[in-house]
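Remember, it's a predicted structure, so these values are computed and weren't measured experimentally. Counting starts at 1 for both ligands and their atoms, in listed order. Along the sequence shown, residues carry numbers from 1.
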Amino acid sequence: MKKIALITGATSGIGRATALLLAENGYSLILTGRRIELLDNLKKEIEVKYKADVLPLAFDIQDKAQVDSAINNLHERWRKIDVLINNAGLAAGLSHVQDGLEDDWERMIDTNIKGLLYITRRVAPMMAERKSGHIINIGSIAGTEVYENGNVYCATKHAVDALSKAMRVDLLKENVKVSQVRPGMVETEFSLVRYHGDEEKAKKVYDGVTPLFAEDIAQTILFVLTRPAHVNINDIVVTPTQQANAYYVTRNL
Ligand code: NDP
Ligand code: 8X3
C-alpha cells in the first residue's frame, strides 16, 4: 500500500514543491491550505503527471474547529497518515517591537505555533497508536538566530525549534520520528506575504543572490524521509551558498 503524507500549506512554495516531489516518489497525499482553487489545480496536476491519489482539504489552520472537522472527518482510507509535514506558516511585517502590528503578531503566533500544534495534536495520536510515523516540522534559521525587526517571527520559529525537540522526546517510545528542516532564504510567496503584498519590496530581498528554490527544500525533505528505519535526521539547516546565516549574505550588485 502507498504511504500517505499530509502536507500543510501545499498551495504554494515549499509545500507545493514537496507535494509534487512526494507524488513523484509514490506517496498518496492529503494537501491543505486555505486557497481551495489552488489545491484543486494541484490535485489535477499531480493526478495527470504522477497518477497519485490526492485529497485536498481547505481550512484555516488557525481555527481549531476547522482543523478538528477536517481531521475528524477523514475517511477511513486516509486515516493511516505515515508522514506529517508541518509546513504552513508565514512572516507578517518587519518592524521594531515598539512599532509592531498586533494583528501581524497574532497571525504568526496562531499559524506558526498554534496551527502546528492543532494539527499535530490530532495526527500524532494516530501515529502513536500504530507505533509508526514521521513528523517533519519546517523551522527556519530564524529558529536559533534573532535579527533586527524579526522579533515575533523569530520567536515563533524558536518555538518550532523547541517543539520539534519536545515532540521527539514525547514520541520516542511510540516509534514516531520527529525531524526539523530549517531553511534560510527561499524564493516563494514568503516575502510577498511578509511585506503585505508589496511586490517591489519582496523582489528586493533576493537582489544579487541566487536564493534557494522551493524544490531544494523539497529534495531535503525527501532525503530526511528516505533514511533507513533506524536513522533519524533530527535537524538540518539549508541556506543558499551566498548566505552564511541570518546576518551575512553576499550579493552580486
Ligand atoms: P509561502 O507563502 O509560499 O507558503 C506558505 C503556505 O502556508 C501556503 O500554502 C499557505 O496557504 C499556507 N498557510 C499560511 N497561513 C495559513 C493558514 N492560516 N491556514 C492554512 N494554511 C496557511 O511560503 P513558504 O513556502 O516559503 O513557507 C513555508 C514554510 O517555510 C513556512 O513555515 C515558513 O516560515 C518556512 N520558511 C520559509 C523560508 C523562506 O525564505 N521562504 C525560510 C525559512 C522557513 P494558503 O495561503 O492557501 O492558506
Ligand atoms: C525565513 C528566513 O531569514 O527571513 O524563515 O527569517 S528569514
Could you tell me which atoms of ligand 1, counted from 1 in the order shown, lie closer than 4.0 angstrom to a heavy atom of [X]?
X	answer
Tyr153	33 (C), 34 (O), 36 (N), 44 (C)
Gly139	43 (C), 44 (C)
Gln62	18 (N)
Gly13	3 (O), 25 (O)
Ser140	43 (C), 44 (C)
Phe59	19 (N), 20 (C)
Asp60	17 (C), 18 (N), 19 (N)

Suppose we measure from [atom] to each protein heavy atom; which comes out shortest, and what is that distance?
atom	answer
atom 5 (C) of ligand 1	Gly89 O, 3.7 Å
atom 25 (O) of ligand 1	Ile14 N, 2.9 Å
atom 3 (O) of ligand 1	Ser12 OG, 2.4 Å
atom 28 (C) of ligand 1	Asn87 OD1, 3.1 Å

Is the shortest N/O to N/O distance between [X] and ligand 1 below 3.5 Å?
X	answer
Ile61	yes
Val186	yes
Gly9	yes
Pro183	no

Tell me yes or no: between the side chains of [X] and [Y], is some donor less than 3.5 Å from an acceptor?
X	Y	value
Thr144	Arg182	yes
Asn86	Thr120	yes
Asn232	Ser179	yes

Applying a strict 4.0 Å limit to heavy atoms, is [X] in contact with ligand 1?
X	result
Ala91	no
Ala10	yes
Lys157	yes
Ala142	no

Query raised in the report: Applying a 4.0 Å heavy-atom criterion (strictly less than), which segment of Tyr206 is in contact with ligand 1: side chain, backbone, both, or neither?
Result: neither

Query raised in the report: Is Thr111 touching ligand 1 with its side chain, its backbone, both, or neither, if touching means heavy atoms under 4.0 Å apart?
Result: side chain

Quick check for students: name every N or O atom pair between ligand 2 and the protein closer than 3.5 Å, with distances.
| from | atom 1 | to | atom 2 | distance (Å) |
| --- | --- | --- | --- | --- |
| ligand 2 | 4 (O) | Tyr147 | OH | 3.4 |
| ligand 2 | 4 (O) | Arg194 | NH1 | 3.3 |
| ligand 2 | 5 (O) | Ser140 | OG | 2.5 |
| ligand 2 | 5 (O) | Tyr153 | OH | 2.6 |
| ligand 2 | 6 (O) | Tyr147 | OH | 2.6 |

Query - Closest heavy-atom pair and its distance - Ala52, Ala23 - result: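 Heavy atoms only, the tightest pair is CB-CB, 4.0 Å.
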
**Report entry** Non-hydrogen atoms of Leu171 and Ile135 that approach each other most closely
**Finding:**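 That would be CD1-CD1, 3.9 Å.
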
Requested in this report: Go through the steps for Lys165 and Asp161 under the test salt bridge (charged side-chain N to carboxylate O under 4.0 Å, His left out), then give the verdict.
Outcome: CA-CA 6 Å; Lys165 290 171 184 154; Asp161 184 51; 2.9 Å; yes

Under a 4.0 Å threshold between the charged nitrogen and the carboxylate oxygen, would [Y] count as salt-bridged to [X]?
X	Y	value
Glu45	Arg16	yes
Lys43	Asp40	no
Arg251	Asp207	no

Query - Tyr153 ring center within less than 6.0 Å of Phe190 ring center - result: yes

Query - Qualifying residue, where the test is side chain to side chain contact (heavy atoms under 4.5 Å, CB included) with Ile221 and the options are Asp216, Ile138, Thr226 - result: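 Of the listed options, the one satisfying the test is Ile138.
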
Hey, does the side chain of [X] reach the backbone of [Y] with a donor-acceptor pair shorter than 3.5 angstrom?
X	Y	value
Arg194	Ala202	no
His158	Ala142	yes
Asp82	His134	no

Report summary line: Restricting to heavy atoms, the pick from Met185, Arg194, Arg34 nearest atom 46 (O) of ligand 1 would be Arg34

**Report entry** Side-chain touch Arg34/Thr11, heavy atoms, less than 4.5 angstrom
**Finding:** no

Query - Side chain to side chain, Glu145 and Asn245, heavy atoms closer than 4.5 Å - result: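 Yes; the side chains approach each other to less than 4.5 Å.
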
